[in-house]
Amino acid sequence: MTAIESAIAYLPELVDAQVRHTRLPGAQVAVRSADGLLASFAVGCANAVTGEKLTPNHLFRIASHSKTFTGTAIMQLVEVGSMRLDDAIGAYVPSLEGSPLASATIRELLAHQSGIQRDGTNADFWQLERPFPSPEQLVAEIHAAGKIYERNQFFKYSNVGYSLLGLAIEAASGKTYVDYCRDHIVEPLGLVNTGAEYDPSRADEYAAGHTALFLGENDRLVIEHVDTRSMSAATGFYSTAADLTVYGSAHWMGDDRLIGDDSKRIMQRLESTVTNYGKQVGSYGVGMEVTKIRDRDVVGHSGGYPGHITRTYIDPKNKLVVSVLTNSIDGPAEQIAQAVFSVIDAAEAAMPGAEKKIAPAGGPSAQSFVGQYATLWGRFDVVKLDGRLVSLHPTLADVYGGIDELEIIDENTLRSFSQTSFGASGEDIHFERDDSGGVVSVTSNGITHWPVEAFLARRERMTRVNK
């Protein structure tokens, strides 16, 4: 088993713990490398009201992922000479004449540098108080109140700006935005579960969107799926995690199915550093977010649609794509995606400063220590990654920060990595076993842990002092 395969084997347990801990209805996850689709699974419910089980084939609204498709479509049109990045948007949307935003360029709109308003002055379509705007309503709003900043004054994220880019694609290609994306992106990649706008003929295939657990409430409401109309280029797409990994792989360097590497470099290079009150909170390219996960340079996008929160990361250099789709408006897609990368990165290299402590041949079996253990303080897992053991806490927001390297001392003892810490680093972890070798309990930091089911059976007695 390769390093990444060992990580993939653990991912369903990790994601299940994250979903249950955050009381999320469900999550759909896929991972793809140069070797193909490594993981595609779902945990939880597609509909929290009916209890329908979520599957890898349920469709999700992926919202602002749409912007990467729009950027790709524009780069295709640039490559064939139908558009230039420095063209003014007014050349493709003549109804903008008279607006100061008519002179904003395609590149500025792609990079959120046009100074245009984010969603408009009446954006209650985001909470279904009104339909998404028509093209005429969109342009009228821009004339009335579209300009917020000067061009290139600030990074200002804008769904309105990307909606204009959808209209430009239609003008340059002679096709509707939906048809263009289908003919030039979706079908060439064989994405049978992806489209640029809500498809009512497939209504039964969509995972339900859900409200948040507002102020700790226990029940969620189902949110209706709606057409995004003129804003489909900003937020209309639907897909599955598996399909998104295929799409993401088309943005690896050397892949020419959609656009050439020159166009990819434009999309993936840093265009804007995003700060709030002096603190960096993000970075953006031309149609894609650009960031780092530890030593990985990654691109991709998140998505926030009423009831669905989603995240896809693409590592173009190392040829890896991770996609996580969640079906509630408070869904921790970013947290789960980061957790997936945490396990993959921990499998591929020991934690910084530590050596890989591979279980020696002929010694105690590393697998005999593997399991899920719990105390009143939570759960920790012993996981075998690339022939060595680590412990981690699968419900943490930062899974990577809680990973500890373990060394096998004997058949009943592990030792955590020796380093400065607030925890029990360098101390032994003792395993008590039954006659068949199964783990009965684990003592770490002087505290007894039990396999999860055994812990749950005794938890009530732990709420009162044992005299």
Side-chain heavy-atom pair F237, C181 within 4.5 angstrom cut-off:
yes

Side-chain heavy-atom pair I259, K264 within 4.5 angstrom cut-off
yes

Any non-hydrogen side-chain atom of S173 less than 4.5 Å from a side-chain atom of L77?
yes

If the condition is salt bridge (Lys or Arg N to Asp or Glu O under 4.0 Å), which residues does R107 pass it with, not counting sequence neighbours?
D86

For the aromatic rings, using the six-membered ring if either is Trp, is the centroid distance between F69 and Y247 under 6.0 Å?
yes

Please determine, by modelled atom types, if R257 and S249 share a side-chain donor-acceptor pair under 3.5 angstrom.
yes

In terms of the angle between their ring planes, are Y157 and H301 parallel, tilted or perpendicular, with boundaries placed at 30° and 60°?
tilted

Over 60° means perpendicular and under 30° means parallel, so classify the ring planes of Y206 and Y238, tilted if in between.
perpendicular

Could you tell me whether the side chain of D330 and the main chain of L213 form a donor-acceptor pair under 3.5 Å?
yes

Please say whether more than 12 non-hydrogen atoms of neighbouring residues, nucleotides or ligands are located less than 6.0 Å from NZ in K279.
no

Check: H225 ring centre within less than 6.0 Å of H308 ring centre
yes

Apply the salt bridge (Lys or Arg N to Asp or Glu O under 4.0 Å) test between E348 and each candidate in R294, R388, R296; give the one that qualifies.
R296

So K317 and D315, salt bridge (charged side-chain N to carboxylate O under 4.0 Å, His left out) or not? Walk me through it.
CA-CA 6 Å; K317 178 181 177 181; D315 181 343; over 6 Å; no

When you compare the side chain of N327 with that of H58, does any pair of heavy atoms fall below 4.5 Å?
no

Determine yes or no for a side-chain-to-main-chain donor-acceptor pair under 3.5 angstrom, with S6 supplying the side chain and D386 the backbone.
yes

Going through the distances and angles, do E405 and K357 end up as a salt bridge (charged side-chain N to carboxylate O under 4.0 Å, His left out)?
CA-CA 8 Å; E405 296 282 343; K357 298 289 186 179; over 6 Å; no

So, D179 side chain and T176 main chain: donor-acceptor pair closer than 3.5 Å or not?
no

Would you check if the side chain of T245 reaches a backbone N or O of V321 as a donor-acceptor pair within less than 3.5 Å?
no

Taking atom CG of L244 and atom CZ of R32, what is their separation to the nearest 0.5 Å?
10.5 Å

For the side chain to side chain donor-acceptor pair (under 3.5 Å) test, which of T312, D243, T310, T240 pairs with S323?
T312

Side-chain donor-acceptor contact under 3.5 Å, T70 with Y177:
yes

Spacing of CG belonging to L164 relative to CD1 belonging to I89, to within rounding of 0.5 Å
5.5 Å

Less than 4.5 Å apart, side chain to side chain, heavy atoms only: is that true for E217 and R220?
no

Establish, from distance only, whether the side-chain atoms of H251 and T72 form a donor-acceptor pair under 3.5 Å.
yes

May I ask you to test the E141-T121 pair for a side-chain heavy-atom distance under 4.5 Å?
yes

Between Q372 and E13, is there a side-chain donor-acceptor contact under 3.5 Å, judged purely by atom types and distance?
yes

Flag side-chain contact, heavy atom, 4.5 Å: S302 against E289
yes

H184 vs Y180 aromatic rings, parallel, tilted or perpendicular, using cut-offs 30° and 60°?
parallel

Indicate the ring-plane relationship of Y284 and F155, choosing parallel, tilted or perpendicular according to the 30° and 60° boundaries.
tilted

Check whether T235 reaches the backbone of S232 with its side chain - one donor and one acceptor, N or O, closer than 3.5 Å.
no

Are Y305 and W126 an aromatic pair, judged by ring center distance below 6.0 Å?
no

Does the gap between the ring centers of Y400 and F341 come in under 6.0 Å?
no

Quick one: are R61 and E197 in side-chain contact, heavy atoms under 4.5 Å?
yes

If we check side chain to side chain donor-acceptor pair (under 3.5 Å) with R311, which of these qualifies: Q335, H65, E334, Q338?
E334

Using modelled atom types only, decide if a donor and an acceptor are shared between the side chain of E97 and the backbone of G90 within a distance under 3.5 Å.
no

Between atom CE of M288 and atom NZ of K67, what is the distance when rounded to the nearest 0.5 Å?
13.5 Å

